[in-house]
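Atoms within each ligand, like the ligands themselves, are counted from 1 in listed order. Worth knowing before you read on, the calculation uses all heavy atoms, side chains too, and leaves out hydrogens, waters and symmetry mates.
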Amino acid sequence: MSQTVRWGIIGTGAIAEAMAGAITTVANATLAAVASRDRDRAASFINQLGLASVRANGSYDDLLADPEVDAVYIATPHPLHAQLSIEAAEAGKHILCEKPAALNLGELMPVIAAVRAYEVFYMEAFKDRCHPQTHKLVELIKGGAIGELRHARAAFGFNTGPNPDPDGRLLNPELGGGGILDVGCYPIHLLRLVAGVATGRSFADPDRVVGDGHLGHTGVDVVASALLKFDSGFVAEASTAINAHLDNRAIIAGTRGTITLPNPWLNSRGEPDHAQLILEAEGKTQTVDCPSELNSFGYEIGEASRAILAGEKESPAMSWNDSLGQARTLDLWRRTIRLRYPSESPERFQTPRSRKRPQSRTTPRISQAEIPGLSRPVTRLVMGCDNQINYPHAAAMFDHYLDAGGNTFDTAHIYDGGRQEQLLGHWINARGVRDRVNVIVKVAHTPYCDPDSIKSQFAVSLDRMGLDKADLLLLHRDNPGIPVDEFVDVLHELVEDGRVSVFGGSNWSLGRFNDANAYAAANQRHRFSILSNNFSLARMVRPVWDGCISVSDPESRATLVENQIPNLAWSSQARGYFVTPGGTDNHLWQENDAWDAPDNRTRRERAFELAGRHNVSAINIAAAYVLTQPFPSFALIGPRNLDELETTLPALSVELTDTERAYLNLETDEFS
Ligand SMILES: NC(=O)C1=CN([C@@H]2O[C@H](COP(=O)(O)OP(=O)(O)OC[C@H]3O[C@@H](n4cnc5c(N)ncnc54)[C@H](OP(=O)(O)O)[C@@H]3O)[C@@H](O)[C@H]2O)C=CC1
Ligand SMILES: O=C1CO[C@H](CO)[C@@H](O)[C@@H]1O
């Protein structure tokens, strides 16, 4: 590539025009082509801007096929962003895609998978992230100008006027209308940016999002606010509107002072913005000018072009993970006001995919093993259904897991007030895959761990899923105060009624498990077929949750081997304990303090050592330790996005020897 990136613009609307102008202001970019759904519109767009040498395309496909275009700027309404990004990646084009990068996280995850697979540059277009004013803000916060971050408030709202077009992109639910996706995304990205910078990261995602808003007559949000709470204790307010002009400022407060941004969104489509920050610290007020030569579109196209010419796939201005976190936060905000677009319903939602050819797999397919009593084998990796935000997120995850060869889904009556069961049921029914998948339901969690609750909760769970039977029913906890025979009798009846194929216990001691099966054998009852306790390379030092039980210890393992008891291991990768050698990055295991101990640290060091030998990650070694046990061992995984799922899969190709397993588990100090 020369020292100039040749851009093609997709769409001929308002923002396409602003960008076409901005491209002429930077040295490292040229406009090569413009595509419209209508060739005449593309031609008149070019003529009006006086850009005679630019090619006009009458379809987006033509522009993607143009070998003289290096990169595309996607400037269509939001619902087209994800599909066009995937197609552009497949065509080998670098991508700058207008915000929001996709309608939801479920759409964005496959985009990120595609740009990673096709090795193209991709950035979500938040032009203010590329502007000197934002760089200055980051510098001030990093430098401690306002001390430790405590609170911030940011708003972006405008008034569409008295008679806005109900079919236009701002109000039309079919075009992803509403304030949150159009301009609410700006306060969110700014607040996530400062939350990250203040804690030494490039962005941070909130732990909690609560909000409210008003849906107007077309069913999209016309005014809305959200409160974001971050793990550092920082709390932030975001507001948006398309029916009122808001103050459109941001104010960030720390222990030593505040920074006010009178013009945070830098929205000029012509001349450079007036850019300055007001710093008030320790009784002094200072105006910090941020001189700018270009408007923010100019900075943005300049930054994207710089990164492309440097061979970078992501820009530090807006990384892929940053965009994923952004989509997740917007989903959470919309969830609080119950705004679901028609295309997000189970009947309509399709995970965006390449229209031309399926992306080839680089990771192994998920292998299977039999469990007596089940008509279908069970895949070694079982998809945990406990953290899906909404239907698109769930569907994209489940579609991908099914494509990777997975067939078993684990959920529970208590997860998320039943919402996770609903999402799974919607997906199974919408995709028509009931006869291809195993469904695991867990009921009778403490304090309702009793025989009566089994039947009533199970009926509700099936109803939520719209299913008439579960393949596996697990008791979520045990209640040692109740004799095992009472539990077995109820479970036996459910099998006899045809509502369950096999059953088992989660967090059941092996003693109680064996007692239950002794009772079943003596009384012609169906038996417990499976256990679902913690099993992992790291010893569980303290229970992750009350009443939970591990079988990682040598005696339990010996019993599982001797009796060939299948175990479906939860926290099979010790909840992030094996992610980094020092374990400093991941808050999950630190939070509950369940794993950290000197022996586990040695296990982790050894996992990293073997990871090098097997050319996989230490998490893969930890998972392989679980999957290669000499008893039927299955691992429950709870990936939150496609990348976490894909990076788990290499574990399936790791064949650990007996000696390597013994070495990992500190049973020997040598292996060959
Ligand atoms: N970064 C920023 O400051 C701004 C960003 N944006 C973002 O840019 C995107 C486009 O917004 P904007 O330019 O204001 O939108 P416009 O409605 O002005 O233009 C959108 C263009 O997309 C094409 N298009 C393709 N399918 C459709 C469809 N079904 N309905 C309407 N248009 C369609 C059309 O071009 P054609 O018919 O020629 O194919 C149309 O001109 C949005 O996602 C928005 O969030 C918007 C404004 C500011
Ligand atoms: O991103 C954007 C910036 O501002 C505009 C309003 O002025 C929005 O409509 C737009 O989508």
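Interface atoms of ligand 1 facing Thr76, defined by a heavy-atom separation under 4.0 Å, are 9 (C), 10 (C), 22 (O), 42 (C), 43 (O). Within the listing of ligand 1, atoms 25 (C), 26 (N) sit less than 4.0 angstrom from a heavy atom of Leu80. Atoms of ligand 1 lying under 4.0 Å from at least one heavy atom of His81, given by number and element, are 43 (O).
Annotation: Tyr299 is in aromatic contact with His131 [ring centroid separation under 6.0 Å].
Nearest to atom 24 (N) of ligand 1 by heavy-atom distance, out of Cys97, Pro77, Pro79, Ser296, is Pro77. With distances taken over non-hydrogen atoms, the option nearest atom 27 (C) of ligand 1 out of Arg37, Met19, Arg39 is Arg37. Residue Tyr186 holds the heavy atom nearest to atom 1 (O) of ligand 2 of all those in Phe158, Tyr186, Phe126, Phe156. For the residues Glu17, Glu98, His78, the heavy atom positioned nearest atom 43 (O) of ligand 1 is part of His78. Comparing Ile15, Ile9, Asp40, Asn57 against atom 48 (C) of ligand 1, the shortest heavy-atom distance belongs to Ile15. Looking at Arg269, His245, Lys99, it is Lys99 that brings a heavy atom closest to atom 2 (C) of ligand 2.
Residue contact check for ligand 2: Glu98 places no non-hydrogen atom closer than 4.0 Å to it. A heavy-atom separation below 4.0 Å is not found between Glu174 and ligand 1. Contact annotation: Trp265 has no heavy atom less than 4.0 Å from any atom of ligand 2. Ligand 1 lies less than 4.0 angstrom from a heavy atom belonging to Phe297.
For atom 35 (O) of ligand 1, the nearest non-hydrogen atom of the protein is Thr12 N, 3.2 Å. If you check which protein heavy atom lies closest to atom 41 (O) of ligand 1, you get Gly13 N, 3.1 Å. Of the protein's non-hydrogen atoms, Arg169 CD, 4.1 Å is the one closest to atom 17 (O) of ligand 1. In this structure, atom 4 (O) of ligand 2 lies nearest to the protein heavy atom Asn267 ND2, 3.0 Å. For atom 3 (O) of ligand 1, the nearest protein heavy atom (residue, atom name, distance) is Lys127 NZ, 2.6 Å. In this structure, atom 21 (C) of ligand 1 lies nearest to the protein heavy atom Ala75 O, 3.7 Å. From the protein, the heavy atom lying nearest to atom 36 (P) of ligand 1 is Ser36 OG, 3.4 Å. In terms of protein heavy atoms, atom 18 (O) of ligand 1 is closest to Ala14 N, 3.0 Å. Among all protein heavy atoms, the one lying closest to atom 9 (O) of ligand 2 is Asp182 OD2, 2.6 Å. Shortest contact from atom 25 (C) of ligand 1 to any protein heavy atom: Tyr60 OH, 3.1 Å.
For the pair Arg169 and ligand 2, the shortest N or O to N or O distance falls below 3.5 Å.
A salt bridge between Arg208 and Asp231 is absent, with no side-chain N of the basic residue lying under 4.0 Å from a carboxylate O of the acidic one. For Glu300 and Arg129, the salt-bridge test fails: no basic side-chain N is under 4.0 Å from an acidic carboxylate O. Remark: Glu119 does not engage Lys313 in a salt bridge, criterion side-chain N to carboxylate O under 4.0 Å. A salt bridge does not link Arg340 to Glu344: none of the charged nitrogens lies less than 4.0 Å from a carboxylate oxygen. Between Asp66 and Arg55 there is a salt bridge, since at least one side-chain N of the basic residue sits less than 4.0 Å from a carboxylate O of the acidic one. The pair Arg334-Asp221 does not meet the salt-bridge criterion, since no charged nitrogen lies less than 4.0 angstrom from a carboxylate oxygen.
In Arg269, the part holding a heavy atom less than 4.0 Å from any atom of ligand 1 is the side chain. Of all the heavy atoms of Asn267, the ones lying under 4.0 Å from any atom of ligand 1 belong exclusively to the side chain. When non-hydrogen atoms are compared, ligand 1 lies under 4.0 Å from neither the backbone nor the side chain of Phe45. Under 4.0 Å from ligand 1, the heavy atoms of Asp182 that appear belong solely to its side chain. For Ala35, no heavy-atom contact with ligand 1 is shorter than 4.0 Å. No part of Asp38 comes within 4.0 Å of ligand 1, judged by heavy-atom distances. Only side-chain heavy atoms of Tyr186 come within less than 4.0 Å of ligand 1; its backbone N, CA, C and O stay farther off. The backbone and the side chain of Lys99 each have at least one atom closer than 4.0 Å to an atom of ligand 1 (non-hydrogen atoms only).
Defined by atom type and a distance below 3.5 Å, a donor-acceptor pair is missing between the side-chain atoms of Thr287 and Gln276. Residues Tyr341 and Glu174 have side chains that never bring a donor and an acceptor to within less than 3.5 angstrom of each other. Glu124 and His81 share no side-chain donor-acceptor pair at under 3.5 Å. Asp331 and Asn390 share a donor-acceptor pair across their side chains, judged by distance under 3.5 Å alone. Looking at Gln3 and Asn28, their side chains never bring a donor and an acceptor atom within 3.5 Å of each other.
Annotation: side chain of Leu105 is not in contact with side chain of Asn641 (no heavy-atom distance under 4.5 Å). Two residues are said to be in side-chain contact when any heavy atoms from C-beta on lie closer than 4.5 Å; Ile9 and Val72 fail this criterion.
Exactly one residue among Thr134, Asn295, Asn267 makes a side chain to side chain donor-acceptor pair (under 3.5 Å) with Lys127. That residue is Asn267.
For Glu107 (side chain) and Pro392 (main-chain N/O), no donor-acceptor pair under 3.5 Å exists by modelled atom type.
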*Evaluate the criterion salt bridge (Lys or Arg N to Asp or Glu O under 4.0 Å) for residue pair Asp322 and Arg192; output intermediate values, then yes/no.*
CA-CA 9 Å; Asp322 204 343; Arg192 294 176 51 258; 2.9 Å; yes
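Ring orientation note: the planes of Trp265 and His189 are nearly perpendicular, at an angle over 60° on the 30°/60° scale.
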